[in-house]
Amino acid sequence: MTQRYAMMVNLKGRPCLVVGGGKVAERKAGSLIGSGACVKLVSPSATPRIKKWALSGKIEWINRVYRKEDNDNQFLIIAATNDKNVNRQVHQAAILRNQWINVVDQPELCNFMVPSTVRRGNLQIHISTNGACPAVAQKIRQDLEEIYGTEYELYLDLMQEMRKIMRKKVADVCLRRQLLKELLSEQWVDLCRKESAEAREKMLNWLEKMVTDSDKKGGSVACGRWS
Ligand SMILES: C[C@@]1(CC(=O)O)C2=NC(=C\c3[nH]c(c(CCC(=O)O)c3CC(=O)O)Cc3[nH]c(c(CC(=O)O)c3CCC(=O)O)/C=C3\N/C(=C\2)[C@@H](CCC(=O)O)[C@]3(C)CC(=O)O)/[C@H]1CCC(=O)O
Ligand SMILES: NC(=O)c1ccc[n+]([C@@H]2O[C@H](COP(=O)([O-])OP(=O)(O)OC[C@H]3O[C@@H](n4cnc5c(N)ncnc54)[C@H](O)[C@@H]3O)[C@@H](O)[C@H]2O)c1
């Protein structure tokens, strides 16, 4: 079995085409919008949500059946109609144009697949079964959502801020690693969950104290816990 290569692609401003206007096309178009892509959707029918996106200018909806010229100048394409033959035509036109193509009913035609995703702000956890059984990916996503709750969005934002401070104020790489290890402890995640309003200040105070203590001791620190 050939392993697929995982990538985090920046689609901001990229022209992306979705063919079809049903439930699956809606889900795919939704995630493309979320990634900042310029979405064009071609379909003679559309879900109420797709129509709303079109009315508010979030996507361009072309209200007709697919033509192969629709592929022209597109970066990435999703064939999401309920007609296997149409999806195959979209695939063929994409291959001729050397484009990224996802065919929702024929995994073997996809040169990229969409994984199931847990989203927590900057944190994304992706699950793929290589198309073997998307329902298993969905189940694992639901399990992971229990473990990595919404507090991870705040926790990661704070960790990003602390990392910046440490890079600026802590020259000693060993010490930086030690502090980072402390901040990875579960207590900080708990703090973000239980005291989200105070978490930032407590983390900043802790870090400041650690840095001051280490300066006094000439660079080393016995990492304590905040209290
Ligand atoms: C992860 C997720 C991402 C997304 O689509 O955003 C995704 N499918 C999701 C949901 C979902 N898929 C299906 C159902 C219906 C109920 C069920 O069967 O459970 C539901 C649930 C629903 O629709 O609500 C059935 C299904 N899926 C595919 C086929 C065709 C085939 O296998 O032949 C069929 C049979 C259709 C039929 O028989 O009618 C094909 C693909 N689906 C993939 C991804 C790619 C492989 C990913 C991987 O495994 O690595 C791949 C190959 C292509 C692609 O789409 O990229 C998203 C989960 C979001 C979440 O986490 O909730
Ligand atoms: N990959 C996945 O995650 C996944 C999940 C569930 C189902 N599926 C597959 O995806 C397919 C689509 O599912 P759905 O629930 O969105 O179907 P649906 O019936 O709700 O929607 C199909 C859409 O395709 C459009 N369409 C049909 N012919 C077209 C053409 N020639 N040009 C442009 N648009 C055209 C229709 O107007 C309609 O909007 C299903 O056939 C199923 O096999 C895939």
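Residue indices begin at 1 and follow the sequence shown. Whatever order the structure lists ligands and atoms in, that order sets their numbers, starting from 1. Predicted model only: the values in this text are computed from it and were never measured.
- At the top of the distance list for atom 10 (O) of ligand 2, counting protein heavy atoms only, stands Val104 CG2, 3.2 Å.
- Taking 4.0 Å as the cut-off between side-chain N and carboxylate O, Glu153 and Arg120 do not count as a salt-bridged pair.
- Among protein heavy atoms, the minimum distance from atom 20 (O) of ligand 2 is reached at Gly22 CA, 3.5 Å.
- When only modelled atom types and interatomic distance are considered, Thr47 and Glu26 share a side-chain donor-acceptor pair under 3.5 Å.
- Among protein residues, Lys23, Arg27, Lys28, Asn102, Val104, Asp105, Pro107, Met113, Val114, Pro115, Ser116, Ser128, Thr129, Asn130, Gly131, Pro134, Ala135, Gln138, Arg141 come within 4.0 Å of ligand 1, judged on heavy atoms.
- If you number the atoms of ligand 2 from 1 as listed, the ones under 4.0 Å from a heavy atom of Val42 come out as 33 (C), 34 (N).
- Counting only distance, with no hydrogens or angles, the side chain of Thr117 and the backbone of Arg119 share no donor-acceptor pair below 3.5 Å.
- Atoms of ligand 2 found under 4.0 Å from any heavy atom of Gly20, numbered from 1 in the order shown, are 24 (O), 25 (C), 34 (N).
- Here the two rings, on Trp206 and Trp188, have centers that are under 6.0 Å apart.
- Remark: side-chain polar atoms of Gln99 are paired, donor with acceptor, to backbone N or O of Asn71 under 3.5 angstrom.
- For Asp172 (side chain) and Cys174 (main-chain N/O), a donor-acceptor pair under 3.5 Å exists by modelled atom type.
- Taking the charged nitrogens against the carboxylate oxygens, Asp70 and Arg67 have no contact shorter than 4.0 Å, which rules out a salt bridge.
- Checked against a 3.5 angstrom limit, the closest N/O atoms of Arg64 and ligand 2 fall outside it.
- A 4.5 Å side-chain heavy-atom check between Glu198 and Glu195 finds at least one atom pair inside the cut-off.
- Distances from atom 25 (C) of ligand 2 to the heavy atoms of Ser43, Ala137, Ala135 show the closest one on Ser43.
- At least one N/O-N/O distance between Gly21 and ligand 2 falls below 3.5 Å.
- Atom CG in Leu32 sits 14.0 Å away from atom NZ in Lys58 (nearest 0.5 Å).
- The shortest contact between atom 5 (C) of ligand 2 and any protein heavy atom is with Val24 CG2, 3.6 Å.
- In the displayed structure, Arg163 atom CZ is contacted under 6.0 Å by at most 12 heavy atoms of other residues, nucleotides or ligands.
- Between Gln89 and His91, the side chains place no donor N or O within less than 3.5 Å of an acceptor N or O (distance only, hydrogens not considered).
- The shortest contact between atom 24 (O) of ligand 2 and any protein heavy atom is with Thr81 CA, 3.4 Å.
- For atom 34 (N) of ligand 2, the nearest non-hydrogen atom of the protein is Pro44 CD, 3.4 Å.
- Annotation: atom 43 (O) of ligand 2 to nearest protein heavy atom, Asp105 CB, 3.6 Å.
- For the atom pair Gln160 CD and Tyr155 OH, the distance stands at 13.0 Å (nearest 0.5 Å).
- If you run side-chain contact (heavy atoms from CB on, under 4.5 Å) between Thr81 and each of Val104, Val19, Val24, only Val19 comes through.
- Atom 3 (O) of ligand 2 has Arg27 NH2, 2.6 Å as its closest protein atom, hydrogens excluded (heavy atom only).
- At the shortest separation from atom 19 (O) of ligand 2 among protein heavy atoms lies Asn82 ND2, 3.2 Å.
- Note: an N/O pair closer than 3.5 Å links Lys23 and ligand 2 by distance alone.
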